[in-house]
Amino acid sequence: MRRILLALILGVLIIVLAGCDEKTTYAYAELLGEWDFPTEANSPHVSVMQVGSEEWLDISWDVGDSRYLYMVEGEYENGIFIGTYDFNLTVIEETWAIQISLQKPSGKLTIQAEGEGPLDGIVFNNGVISL
């Protein structure tokens with residue numbers, strides 16, 4: 001009886017592990033475009049851009065009548081964009097270091113930022129291409 005139970009548990013474990021999706025990493029070219037996050041508050045928007053060999057992210061959202069826009073310059077590799085950013089539309093001349101994970105579970109963009117400054121801890125889910 002114990003052997004049957006052990007075999008059953010092992011079988012279920014194998015099925016569960018086989019069904020788990022591995023973390024898929026996308027090429028930067030597959031992420032290019034304008035992304036809206038309709039399920040998030042404050043209407044966040046992320047522009048994934050490339051000009052020549054330069055890679056950029058513009059991350060923005062609204063709070064009341066104010067629009068916050070952060071311009072990130074860096075490099076993308078293995079699902080992580082690493083770079084520096086500043087706050088646009090202001091006279092603040094400070095830059096911060098940041099790492100931003102870009103993933104597409106179920107085909108929708110998720111970004112998660114870790115680093116310095118105001119983008120640290122930002123998470124946006126369910127991004128859809130808008131253009």
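Treat the numbers as computed from the prediction; the structure is a model and nothing was measured. Numbering of residues begins at 1 and proceeds along the displayed sequence.
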Which atom of [X] lies closest to which atom of [Y], heavy atoms considered:
X      : Y      : answer
Glu40  : Pro44  : CB-CG, 3.6 Å
Ser60  : Leu69  : CB-CD1, 3.9 Å
Asp120 : Glu114 : OD1-CA, 3.5 Å
Ser47  : Glu34  : OG-OE1, 2.5 Å

Within a 6.0 Å radius of atom [atom1] on [X], are there more than 12 heavy atoms belonging to other residues, nucleotides or ligands?
X      : atom1 : value
Gln50  : CD    : yes
Lys104 : NZ    : yes
Glu75  : CD    : no

_Test your reading of the model: is there a side-chain donor-acceptor pair from Glu54 to the backbone of Val51, 3.5 Å cut-off?_
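Such a contact is absent between Glu54 side chain and Val51 backbone.
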*If you group Ile, Leu, Val, Met, Phe, Trp and Tyr whenever their side-chain heavy atoms sit less than 4.5 Å apart, what else falls in with Trp56?*
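The other cluster members (ILVMFWY side chains, heavy atoms under 4.5 Å, direct or chained) are Met49.
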*So which of Ile82, Thr25, Ile100, Leu57 actually passes side-chain contact (heavy atoms from CB on, under 4.5 Å) with Tyr76?*
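Result for side-chain contact (heavy atoms from CB on, under 4.5 Å) with Tyr76: Thr25.
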*Identified side-chain contact (heavy atoms from CB on, under 4.5 Å) counterpart of Ile111 within the set Val46, Val48, Leu31, Asn125*: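 Among Val46, Val48, Leu31, Asn125, the one meeting side-chain contact (heavy atoms from CB on, under 4.5 Å) with Ile111 is Val46.
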Under a single-linkage definition using a 4.5 Å side-chain heavy-atom cutoff for Ile, Leu, Val, Met, Phe, Trp and Tyr, are [X] and [Y] assigned to the same hydrophobic cluster?
X      : Y     : answer
Val123 : Trp35 : no
Leu119 : Val63 : yes
Phe81  : Leu32 : yes

*Find out whether Ile122 and Phe124 are in side-chain contact, i.e. whether some heavy atom of one side chain is under 4.5 Å from a heavy atom of the other.*
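In contact.
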_Within the 4.5 Å heavy-atom criterion, are Pro118 and Tyr70 side-chain neighbours or not?_
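Pro118 reaches Tyr70 side chain to side chain.
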*asked:* Going by salt bridge (charged side-chain N to carboxylate O under 4.0 Å, His left out), name the residues that satisfy it together with Asp62, two or more places apart in sequence or in a different chain.
replied: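 Arg67.
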*With sequence neighbours excluded, what pairs up with Tyr26 under the ring pair (Phe, Tyr, Trp, His ring centres under 6.0 Å) test?*
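With neighbours one apart ignored, the set is empty.
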*To the nearest 0.5 Å, tell me how far Asn126 CG sits from Thr110 OG1.*
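These two atoms lie 6.0 Å from each other.
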*asked:* Nearest 0.5 Å, please: how far is OH in Tyr68 from CH2 in Trp61?
replied: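 Reported value, rounded in 0.5 Å steps: 9.0 Å.
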